[in-house]
Amino acid sequence: MNPASEVVVYANPGLLAAACAARLVTKLVDLQAAKGSASLVLTGGGTGIAILEQLRHSPARDAIDWSRLDLYWGDERFVPSDDPERNEKQAREALLDHVPVDPARVHAMAPSDGEFGDDPEAAAAAYADVLAANALPEDHGPVPTFDVLLLGLGGEGHTASIFPESPAAYETERPVVAVRNCPKPPPTRVSLTFPAIRSAAEVWLVTTGEAKADAVALALSGAGEVQLPVAGARGRRRTLWLLDKAAAGKLGDVPASPRV
Ligand SMILES: O=C1O[C@H](COP(=O)(O)O)[C@@H](O)[C@H](O)[C@H]1O
């Protein structure tokens with residue numbers, strides 16, 4: 001059985017981003033001290049990128065050994081590599097271009113003008129191969145046990161690029177799928193699925209704003225994952241929700257939640 005979700009509410013989006021960046025530093029440094037390296041799955045979206053910007057400006061970021069960090073993405077907008085909508089491009093500009101990552105350990109999903117051309121199914125299959133190549137025997141499957149997997153969410157309940165009632169929301173086998181006809185632009189994407197997300201040791205769901213409050217409250221009160229995909233996002237050891245006050249606005253009193 002998965003442990004219960006933990007919820008932490010911050011006073012505003014800036015504080016949430018700064019606190020999440022600080023958590024990441026502590027977590028990644030501890031992991032590297034304990035086992036040599038760490039893995040982190042990045043999310044797109046406003047909150048996810050704000051966290052990376054905070055990390056870039058934090059002096060503590062130098063405590064992370066960036067060369068011993070594997071980076072993956074939870075989803076990608078299937079657009080050309082220089083398209084500003086691309087999650088990888090945004091993450092590079094916010095952080096990755098400013099820290100000494102090992103390029104061989106930055107595992108981006110292919111763009112629509114990359115080696116697989118305009119074929120998101122091929123890009124998804126190739127990313128599944130990347131995951132399988134990085135899985136260890138102790139992972140017992142074709143996906144690495146990601147140490148931390150960051151996810152955002154949409155007001156309608158999507159997470160990564162798993163949209164409500166879409167084929168990706170029903171996927172139980174493949175770790176990565178192409179996603180077409182997304183209700184939120186751009187319409188074509190590549191996404192991890194529930195099996196891949198749930199292979200993470202820790203899933204951290206990060207979001208801000210009143211527009212997310214209904215989805216947050218429904219997810220935490222047991223909504224179905226096909227109708228509300230974010231409800232299906234959980235880690236093997238920990239599922240941590242990091243919210244600002246507005247996103248937590250419909251939760252009522254969350255017991256034992258530190259409020260900053
Ligand atoms: O399109 C996407 O949106 C979600 C949420 O983004 P936000 O800006 O509303 O916070 C994000 O989690 C996902 O990675 C991204 O591709």
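Excluded from the calculations below are hydrogen atoms, water molecules and symmetry mates; all remaining heavy atoms, backbone and side chain alike, are included. For ligands, and for the atoms within them, numbers begin at 1 and follow the listed sequence. This structure is a prediction, so every number in the text was calculated from the model and none was measured.
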>> Does any part of the side chain of Arg77, heavy atoms only, come nearer than 4.5 Å to the side chain of Asn87, both counted from C-beta?
In response: yes

Please set out all donor-acceptor pairs under 3.5 angstrom arising from side-chain atoms of residues 46-56, sequence neighbours excluded.
{"from": "Thr47", "atom 1": "OG1", "to": "Thr208", "atom 2": "OG1", "distance (Å)": "3.3"}
{"from": "Arg56", "atom 1": "NH1", "to": "Glu93", "atom 2": "O", "distance (Å)": "3.3"}

> Taking the hydrophobic residues Ile, Leu, Val, Met, Phe, Trp and Tyr, and joining any pair whose side-chain heavy atoms are under 4.5 Å apart, which ones share a cluster with Leu136?
Replying inline: none

>> For a quick check: using heavy atoms under 4.0 Å, what are the residues in contact with ligand 1, sorted by chain and number?
In response: Thr43, Gly44, Gly45, Gly46, Asp75, Arg77, Asn87, Gly152, Leu153, His158, Ala160, Lys184, Arg189, Lys212

> Closest heavy-atom contact between Leu228 and Ala215?
Replying inline: CD2-O, 3.6 Å

>> For Ala160 versus Leu192, what's the shortest heavy-atom pair and its separation?
In response: CB-O, 4.4 Å

> How would you list all residue pairs meeting ring-ring contact (aromatic ring centres under 6.0 Å, His included) that involve residues 51-82, not counting sequence neighbours?
Replying inline: Tyr72-His107, Tyr72-Phe146

